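Owing to the predicted nature of the structure, the values given are computational and were not obtained by experimental measurement. Convention: sequence-line order gives letters A, B, ...; per-chain numbering from 1.
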Number of protein chains: 2
Amino acid sequence: MSAGKEDQILRSELEVLRDYLRRHGMRFTPEREAICREVFARHDHFTVDELYLDLRRKRRISRASLYRTIPILIAAGLISEVFTDSGQTRYEHTYGHEHHCHLLCLECGRVVEFAEPSLKQVEQRVAREHGFVVRGHRLEVHGLCPRCQGKEKEGRGRRREKKKT
Amino acid sequence: MSAGKEDQILRSELEVLRDYLRRHGMRFTPEREAICREVFARHDHFTVDELYLDLRRKRRISRASLYRTIPILIAAGLISEVFTDSGQTRYEHTYGHEHHCHLLCLECGRVVEFAEPSLKQVEQRVAREHGFVVRGHRLEVHGLCPRCQGKEKEGRGRRREKKKT
DNA sequence: GTAATTGCAAACCGTTTGCAAACCG
DNA sequence: CGGTTTGCAAACGGTTTGCAATTAC
């Protein structure tokens with residue numbers, strides 16, 4: 001991703017967004033600004049619906065705007081999809097942060113972030129070998145967290161939970 | 001995963017399935033057998049629907065049986081989810097195969113598999129540091145394949161295609 | 001002014017589920 | 001036989017989309 005360039009002044013996420021929009025003939029609207037602010041205000045792995053409910057408390061906004069804005073934030077290098085959890089995609093803001101990987105508990109869904117610098121070299125090697133230009137990577141390590149070891153259900157993993165209305 | 005244990009006689013996937021089912025008080029039905037065979041007959045990253053359409057040509061089967069059987073095959077260590085592509089989950093059979101990672105073209109969806117033995121150590125280190133028991137990992141490297149470099153649309157990636165009926 | 005964007009509601013589509021009939025052990 | 005599994009069709013739920021009204025530039 002384009003983040004994490006050290007020795008370089010970091011523009012604010014809003015500037016990045018504004019620039020991206022301008023360069024693409026798109027408009028910098030209050031909705032897009034609010035969504036971007038909200039995304040950088042939280043420091044978790046959020047779903048579109050969580051974002052929607054929080055934003056909704058502060059202003060008028062529709063889910064459609066969220067669904068239409070998320071891909072823009074991704075293309076602008078501000079956020080990325082981190083993983084899919086019971087059918088819903090989870091995102092995190094990445095602009096200005098070191099790249100990191102995720103350790104996931106298969107039983108309870110707990111997430112631990114960790115750095116793995118060696119993956120940069122893996123990226124390079126693979127890209128060279130296959131003629132790709134690399135844009136990024138995603139590493140998930142799956143396992144059982146301390147609390148969930150032993151009480152393992154020997155089953156088919158977490159089921160999708162019913163929506164809590 | 002439980003695959004890839006060298007110096008050990010490899011049971012056939014059907015035996016593995018039969019054992020798993022018996023140990024769990026479930027039945028070895030012709031449907032489950034057919035699904036398992038089909039999964040090991042193909043060597044690609046398939047969606048449930050692709051599997052369904054192919055199986056359908058050979059025998060009577062319902063989508064529901066597929067959706068109910070896939071989690072069993074996963075729990076039995078025969079297949080795994082590889083990635084999500086325009087909203088659909090793609091799987092591959094993994095039993096009896098060395099673990100590998102995937103290099104994905106963001107533009108056309110092309111997939112290249114590659115081995116990365118060093119990830120075993122990464123798994124171990126992270127697991128130790130956080131007290132997890134590791135079950136496996138998934139590494140995706142994202143980029144542009146040779147054909148798609150340059151013609152890059154500077155956009156929001158591939159859109160979900162309409163179903164081809 | 002005018003093309004882009006928003007909100008709404010309906011459509012979409014992959015997946016899950018209730019139920020009666022079929023069937024494995 | 002009895003509890004599992006199947007197929008069907010309907011339900012679910014996250015995401016996308018058509019459209020008229022609104023708005024950034």
Side-chain angles (χ1 to χ4, degrees), chain A residues 14 17-36 45-53 55-56 58-74 81 83-91 155-165, chain B residues 14 17-36 45-53 55-56 58-74 81 83-91 155-165:
Chain A
L14 287 177
L17 176 58
R18 189 166 1 226
D19 276 16
Y20 179 88
L21 292 170
R22 183 164 35 229
R23 275 185 289 120
H24 292 262
M26 302 166 94
R27 295 174 184 171
F28 186 73
T29 64
E31 289 78 8
R32 287 171 179 168
E33 177 178 348
I35 294 169
C36 186
H45 303 111
F46 57 90
T47 62
V48 169
D49 220 59
E50 288 166 359
L51 201 57
Y52 170 71
L53 293 174
L55 262 171
R56 197 78 202 271
K58 305 174 186 163
R59 54 152 19 260
R60 184 160 187 278
I61 192 91
S62 71
R63 278 194 177 79
S65 292
L66 282 174
Y67 280 110
R68 286 189 276 232
T69 301
I70 294 278
I72 296 173
L73 298 182
I74 291 176
E81 229 179 276
F83 48 79
T84 295
D85 168 54
S86 315
Q88 287 174 94
T89 307
R90 290 194 172 271
Y91 305 87
R156 42 299 288 279
R158 292 196 296 154
R159 311 268 53 193
R160 180 188 293 211
E161 289 139 31
K162 285 293 178 201
K163 188 173 188 171
K164 48 174 176 280
T165 315
Chain B
L14 287 177
L17 176 59
R18 187 161 8 220
D19 276 15
Y20 179 89
L21 291 171
R22 182 163 37 226
R23 274 184 291 123
H24 292 261
M26 302 167 93
R27 295 176 182 168
F28 185 75
T29 64
E31 289 78 8
R32 288 173 178 166
E33 176 178 349
I35 294 169
C36 185
H45 303 109
F46 57 89
T47 62
V48 169
D49 220 60
E50 287 167 359
L51 201 57
Y52 170 70
L53 293 175
L55 263 172
R56 197 82 204 267
K58 305 174 185 163
R59 54 156 14 262
R60 186 161 185 276
I61 191 92
S62 71
R63 277 193 177 82
S65 292
L66 283 174
Y67 281 110
R68 287 190 274 233
T69 301
I70 294 279
I72 297 174
L73 298 182
I74 291 176
E81 230 179 276
F83 48 79
T84 295
D85 168 54
S86 316
Q88 288 174 92
T89 307
R90 290 194 171 271
Y91 305 86
R156 44 297 289 280
R158 293 195 297 154
R159 311 268 53 191
R160 182 188 292 212
E161 290 141 29
K162 286 292 179 201
K163 189 173 189 173
K164 46 175 178 282
T165 313

Seminar exercise, completed: Sequence neighbours excluded, the answer for side chain to side chain contact (heavy atoms under 4.5 Å, CB included) partners of B:Leu53 is B:Asp49
Problem set entry | Approximate separation, where rounding is to 0.5 Å, of A:Ile35 CD1 and A:Thr69 OG1 | 3.5 Å
For this session: Specify the separation, in whole Å, of atom CZ of B:Arg68 and atom P of D:dT6.
Result: 7 Å
Exercise. Does OP1 or OP2 of C:dT5 have a side-chain N or O of A:Arg32 closer than 4.0 Å?
Worked result: yes
Problem set entry | Non-neighbouring partners of B:Phe83 that pass ring-ring contact (aromatic ring centres under 6.0 Å, His included), sequence neighbours left out | B:His45, B:His102
Exercise. Does B:Arg90 have any salt bridge (charged side-chain N to carboxylate O under 4.0 Å, His left out) partners at least two apart in sequence or in another chain, and if so, which?
Worked result: B:Glu50, B:Asp85
For this session: Using whole Å, report how far OH of A:Tyr67 lies from C1' of C:dC13.
Result: 14 Å
Exercise. How would you list, by chain and number, every residue that makes a salt bridge (charged side-chain N to carboxylate O under 4.0 Å, His left out) with B:Arg18, sequence neighbours excluded?
Worked result: none
Problem set entry | Contacts of type salt bridge (charged side-chain N to carboxylate O under 4.0 Å, His left out), residue B:Arg56, not counting sequence neighbours | none
Exercise. Is the shortest side-chain N/O distance from B:Ser65 to OP1 or OP2 of D:dG7 below 4.0 Å?
Worked result: yes
For this session: At under 4.0 Å between heavy atoms, which parts of nucleotides 20-25 of chain D does protein reach? Answer with one letter per nucleotide, 5' to 3': B base, S sugar-phosphate only, - none.
Result: ---BBS
Problem set entry | Atom pair distance, as rounded to whole Å: CD1 in B:Ile70 and P in C:dG14 | 15 Å
Seminar exercise, completed: Whole-Å distance, B:His24 NE2 to D:dT5 C1', equals 17 Å
For this session: Have a look at A:Thr47 and say if it touches a base, only the backbone sugar-phosphate, or nothing, with a 4.0 Å heavy-atom cut-off.
Result: nothing
For this session: Would you please name every residue forming a side chain to side chain donor-acceptor pair (under 3.5 Å) with B:Thr84, sequence neighbours left out?
Result: none
For this session: Provide, to the nearest angstrom, the distance between the CD1 atom belonging to B:Ile61 and the C1' atom belonging to D:dC8.
Result: 13 Å
For this session: Whole angstrom is fine here: how far is it from CZ in B:Arg59 over to P in D:dT6?
Result: 10 Å
Exercise. For the pair made of CG in B:Leu66 and P in C:dT16, what is the distance, rounded to whole Å?
Worked result: 12 Å
Problem set entry | Any N/O donor-acceptor pair, B:Arg22 side-chain to C:dG25 base, under 3.5 Å | no
Exercise. Under the criterion side-chain contact (heavy atoms from CB on, under 4.5 Å), which of B:Leu73, B:Ile74, B:Leu51 is the partner of B:Tyr91?
Worked result: B:Ile74
Seminar exercise, completed: Rounding to the nearest 10°, end axes of the helix from C:dG1-D:dC25 to C:dG25-D:dC1 built from five pairs each make an angle of 40°
Problem set entry | salt bridge (charged side-chain N to carboxylate O under 4.0 Å, His left out) involving A:Arg22 - partner list, sequence neighbours excluded | A:Asp19
Exercise. Just how far, in rounded Å, is C1' of D:dT6 from CD1 of B:Ile35?
Worked result: 10 Å
